[in-house]
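As structure tokens, the structure follows; a few thoughts come after it.
Each chain gets a letter, A, B and so on, in the order its sequence line appears, and its residues count up from 1. Please read all numbers here as calculations on a predicted model, not as lab measurements.
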2 protein chains.
Amino acid sequence: MDKIKIEKSTEEKILAAAKKVFISKGMAGARMQDIADEAGINKALLHYYFRNKEKLFEMIFMEASQKLFPKINSIFESDMPLFEKIENFCEEYITIMSENPYLPLFVLNEINQDPENFMSKIWDKQKFPRPQKFLEQVEKEVKKGTIKKISPLHLLINLISMCIFPFVGKAMIQFTNDLDELQFRNIMIQRKKEIPKFIIDSIKK
Amino acid sequence: MDKIKIEKSTEEKILAAAKKVFISKGMAGARMQDIADEAGINKALLHYYFRNKEKLFEMIFMEASQKLFPKINSIFESDMPLFEKIENFCEEYITIMSENPYLPLFVLNEINQDPENFMSKIWDKQKFPRPQKFLEQVEKEVKKGTIKKISPLHLLINLISMCIFPFVGKAMIQFTNDLDELQFRNIMIQRKKEIPKFIIDSIKK
DNA sequence: TCCTTTGTTAACCATTTGGTTAAACTGTAT
DNA sequence: ATACAGTTTAACCAAATGGTTAACAAAGGA
């Protein structure tokens, strides 16, 4: 153990605990007491640092959704060639999500459970996925005849589905295929290459 | 309006209301009072028909997960040729889910939030997805050389990802692409054909 | 050393929530 | 009419839960 134990500040301890509890139980299922226990502090201290449950949740959710979304844009809006862009996206995206495998389900579920609140408070504060440029790029390639005729939107949905879904359905996939954590991790590493290959095989002429 | 209004029994009213509330708010977020209101009855009547929240939830969750899972098996384990099987799966699966678009997120989220409880109580009561035969079939086709060399497991994950994820990420997809309910429905109808085409284009020789 | 600010806690409070009870209502057979 | 079973409700209860308070400890500056 050459890891030096650095004293985390109380605020950091709370945020780490809140992240863990919120992501595993969701906003409705999380208990302030659980978070306090997890952080090893008194419950009142939570309210000293963060006014209330909603504020604390918002902080965690913001961080989480920022991890889930904005990395997408920088790739989608870049000037890379299409195939390279697809490869890049899979690589980057799966790498980030592998470090936070429960994050996509958490974010998508909370969005779904309270869309109005989500949109108003969280949405416009950060850049949201703008797939426009990607869609146009696909259309251009189709017209140029460099790839098969395919609906850009369906291609986009296929791409993000194959990257994100395995994390959302992690428990199901692991159980039906009898995979432990390590095996799952390895499969996701493989998918960084498998998905682009699968897509490009499908659309290249 | 030539629809005849048939009086639903109280039990049916409760189940319908519970389904609606549980699926939109999840187990933890659902309130017994909400369900009672939705059903237009007194809260105590809920406990008259279903002992407690857990029992009521279990009933709804069972029904939901039975809709999400077992239809898969009959197709996966049939003797259809591979391409036909893929076409059949997409067609059937998306049709069912289009009638219950929020069901996949609900089920996957609850599984994730309480895996132990899920496994013990719900899991073995019903047949669970057995993709074995599908995987073997893919491997056989690869060896025969009728399709490209591809990992059967990745192909399977790709298939279910592209079918299920759009429902899980419905809110996100609708928002980023500015789609109303009807447009989303139509895109999912297209996907019944688009997904098999996309897959077969990728793996056929 | 005293005083002020910041951090931390135990005890407490008000509301929400799942669940119970006992009474009342409804239809049906006697 | 009466009795009886199943159904429905208003009122109630206890536990859980988010949040507050007041007292206390620690740190630092005058």
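Judged by distance alone with a 3.5 Å cut-off, a donor-acceptor contact links the side chain of K43(A) to the base of dG18(D).
Distance CZ (F57(B)) to C1' (dG19(C)): 19 Å, rounded to an integer number of Å. For the pair H47(B) NE2 and dC12(D) P, the interatomic distance rounds to 19 Å; values are reported in whole Å. Here dT17(D) presents its C1' atom at 13 Å from CG of L46(A), a figure rounded to the nearest Å. Put simply, CG on L45(A) is 11 Å from P on dA10(C), counting in whole angstrom units. Atom P of nucleotide dC24(D) and atom CG of N42(A) are separated by 16 Å, given to the nearest angstrom. A straight line from CD1 of I41(B) to C1' of dA24(C) spans 17 Å, rounded to a whole angstrom. Distance L56(B) CG to dG19(C) C1': 13 Å, rounded to the nearest Å.
Between the K193(B) side chain and the E87(B) main chain, no donor and acceptor come within less than 3.5 Å of each other. Using modelled atom types, no side-chain atom of N177(A) and backbone atom of L179(A) make a donor-acceptor pair closer than 3.5 Å. Side-chain atoms of E92(A) do not come within 3.5 Å of backbone N or O of I75(A) as any donor-acceptor pair. Within the 3.5 Å criterion, the main-chain N or O of K55(B) finds a donor-acceptor partner in the side chain of N52(B). Panel note: side chain R51(A), backbone Y48(A); no donor-acceptor pair is recorded below 3.5 Å.
Here the side chain of K53(B) is nearest to one of dT9(D), dG19(C), dT9(C), namely dG19(C). Counting only heavy atoms from C-beta on, Y48(B) has its side chain closest to dT7(D) among dT7(D), dT8(C), dT20(D).
Across all strands shown, N52(B) has heavy atoms under 4.0 Å from sugar-phosphate atoms exclusively, and none from any base. If you check every strand for non-hydrogen atoms under 4.0 Å, F50(A) touches nothing.
Taking the six-membered ring for Trp and the full ring otherwise, F61(B) and F22(B) have centroids separated by 6.0 Å or more. Residues F106(B) and Y102(B) keep their aromatic ring centres 6.0 Å or farther apart.
Residue T10(A) has no polar side-chain atom (N or O) positioned under 4.0 Å from OP1 or OP2 of dG7(C). The phosphate of dT8(D) (OP1 or OP2) has a side-chain N or O of Y49(B) nearer than 4.0 angstrom.
Contact check of residues 18-35 of chain A against DNA chain C (heavy atom, cut-off under 4.0 Å) returns no residues at all.
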